Amino acid sequence: VAACRDTGYDWFEQLLQNLLKSEEDASYKPVKKACTQLVDNLVEHILKYEESLSDSDNKGVNSGRLVACITTLFLFSKIRPQLMVKHAMTMQPYLTTKCSTQNDFMVICNVAKILELVVPLMEHPSETFLATIEEDLMKLIIKYGMTVVQHCVSCLGAVVNKVTQNYKFVWACFNRYYGALSKLKSQHQEDPNSTILTANKPALLRSLFTVGALCRHFDFDQEDFKGNSKVNIKDKVLELLMYFTKHSDEEVQTKAIIGLGFAFIQHPSLMFEQEVKTLYNSILSDKNCSVNLKIQVLKNLQTYLQEEDTRMQQADRDWKKVAKQEDLKEMGDISSGMSSSIMQLYLKQVLEAFFHTQSSVRHFALNVIALTLNQGLIHPVQCVPYLIAMGTDPEPSMRNKADQQLVEIDKKYAGFIHMKAVAGMKMSYQVQQAINTCPKDPVRGFRHDESSSALCSHLYSMIRGNRQHRRAFLISLLNLFDDTAKTEVNMLLYIADNLACFPYQTQEEPLFIMHHIDITLSVSGSNLLQSFKESMVKDKKKERKPSSDEETESDSNSGSESESEEEASKPRRLRKRVDSDSDSDEENDINAVMKCLPENSAPLIEFANVSQGILLLLMLKQHLKNLCGFSDSKIQKYSPSESAKVYDKAINRKTGVHFHPKQTLDFLRSDMANSKITEEVKRSIVKQYLDFKLLMEHLDPDEEEEDGEVSASTNARNKAITSLLGGGSPKNNAAETEDDESDGEDRGGGTSGVRRR
């Protein structure tokens, strides 16, 4: 127990629970006997330890050892409180420990937690013992900080509500703090800047917290407390606490919200109040609201749900005891209906908190959603895209928790994950955008570690088992690259990253993607060329009849192409020479098109923008080809309608093949879409257009070539691809900076050699 101080004791509780449960019906109970011996000896050990301390000089120093002993006793009490009943009298004096170190506070809190569980089980405890406990707890509540107050009020709740019924004692304490709050409120209303308030701030913070804590454990609207007064205490408390949530000091606001959270555990219906809804939802959805307040609201919801859960489990246990006599189960339904309605109110805002830059906010939002789903309070389908998005969080604990929830949902409701997969991918991009600390750098879709796995790899591995779902998912992602989809470039980069790094297992998966890339390319590509041509201005001096050859895509409808343009527009089998565009010809082509550019550069920018999607697809295809070592002919022969068995072979992945779409990265880093267009940028776009055009003409490899002979068309295609993907002449790529160029050489350069070959 001492060793696990930071990681939690769930394992120990689970162990005790399971061991004790296994022998519930047995006549021989060795575990129970062992537990009794352990507990008795630990108490013995604590007393001996006390004696040794009183003999030595270092009086009043509580060591970590003592804390571990008392914590262990608490864990035993939590699972089987009967074990500690005979030791309650021994534990009580520890409530008067002098507090100076962290360890002293731990002792007090754990003793309070033990007494809370054990005192209600004692038969005829003495009056003085109970009175002493009440006195001790009250002193602690008045004197010490939040953690101590919380545990002591909780213990007092158990002692007073279940054993002594000493309501006047608690009522007096409540009135003391409630009265102080009312007074501070009226002072603040008179003069918000008064110096008295500054001096009284500690008293204000303590009163807000203590009033809330008392309301959590005692229902002051019972007659036992307020007698026959007609005042509605819970509404009065709500009004007071709400007043201080609008205070200018954030610390006061936080304490008021903590107080509200406590009050809502006793009276959940208060969460339906309009002012509470407005407060919670505005804190959660306001981008500029302080992180501490957001976290506190999420913590309030979390504590409420945890309490509900404990309440339900207790009701369940009580029910099992009497289930044999009763007919119908009518318990738990009312409260679960209430918590369900409450979560419906705040669900959207809690989910939106996933898109927060601070990981602590995301952490508590995820806890609330996990509790809500585990208790079945909402329909899970609305959470799926958010959970997919949280599965890309940089922190492993959060990723695993989100992934775990998805697995649970998938078990119960087949098809939900697939239904929301694309929405989840888009949302995960938003989460990554929020987390991205450096806005200059484009958001990437893989982990920046040695695995360089896709951020959404868990999602893909959940879908890939079902061929139909997998294909539908991949096609939906590829459709985002279509020129009509108008997806923003950085999101396309993010999705291409994921597609490049998904954990593919059979050859069918990448081949299917490449097949669809080819289809998208041929449609989107020709649309793109067409719209660029239409934007060009006709050059009157060089007007000449367009070539009448129907077979080419580049019918020279701009009417301005130079000789080599016309050469390029002949059918490919009539070409004079394979490499018609040597450097000088290429220059001529660029110049010819440059002359026809319209004054307004919007179409150029539009072309550069839309072409990024197509470039990314080209890169992706090239990357998958290199990664899996497929030949052109294998890709060409693939047909999606063939039986699955043909392509069920496992993939042999090449190592060290990285996806690095240099052009798109340059485009995003230089913020080309919003920057001024220079002559050089124009040239680079025109060159891209010409390479693109060449590629489109040679998209389908020639079938009629003899084996072993690389066709002119394949050569031209490879040259165009190399040039397009940044392996070509860098002097025309205006958007490049020095360092980008060098890292392009060593990353992109390696693969472009392969492409040329």
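Here the structure is a predicted model, which means the values were calculated and not measured. Along the sequence shown, residues carry numbers from 1.
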Subject >> Rounded distance (nearest 0.5 Å) linking atom OG1 of Thr520 with atom CG of Leu478 >> reply: 5.5 Å

Subject >> From Val361, Leu366, Asn367, residue fulfilling side-chain contact (heavy atoms from CB on, under 4.5 Å) relative to His363 >> reply: Asn367

Original post:
Any idea how Phe355 and Tyr386 line up, ring-wise: parallel (<30°), tilted (30 to 60°), or perpendicular (>60°)?
Top reply: tilted

**OP:** Give, for atom CG of Leu511 and atom OG of Ser639, the distance between the pair rounded to the nearest 0.5 Å.
**Re:** 11.0 Å

Original post:
Within a radius of less than 6.0 Å around CG of Asn652, do more than 12 heavy atoms belonging to other residues, nucleotides or ligands occur?
Top reply: no

Subject >> Worked verdict on Leu474 versus Leu499 for side-chain contact (heavy atoms from CB on, under 4.5 Å) >> reply: CA-CA 8 Å; Leu474 291 173; Leu499 285 166; 3.7 Å; yes

**OP:** Step by step, work out the side-chain hydrogen bond (donor to acceptor under 3.5 Å, both in side chains) result for Thr664 and Gln612.
**Re:** CA-CA 6 Å; Thr664 305; Gln612 293 308 321; 3.0 Å; yes

Subject >> Interatomic distance, His418 atom NE2 to Asp410 atom CG [nearest 0.5 angstrom] >> reply: 11.5 Å

**OP:** Could you tell me the separation between the NZ atom of Lys401 and the CG atom of Leu387, rounded to the nearest 0.5 Å?
**Re:** 11.0 Å

Subject >> Min side-chain heavy-atom separation His458-Val407 under 4.5 Å >> reply: yes

**OP:** May I ask you to decide if the ring planes of Phe473 and Phe502 are parallel, tilted or perpendicular, using 30° and 60° as cut-offs?
**Re:** tilted

**OP:** State, yes or no, whether a side-chain contact exists between Thr357 and Thr437 at a heavy-atom distance under 4.5 Å.
**Re:** no

Subject >> Modelled atom types, side-chain donor and acceptor of Lys294 and Gln358, under 3.5 Å >> reply: no

Original post:
Ser285 and Glu352: side-chain donor and acceptor closer than 3.5 Å?
Top reply: no

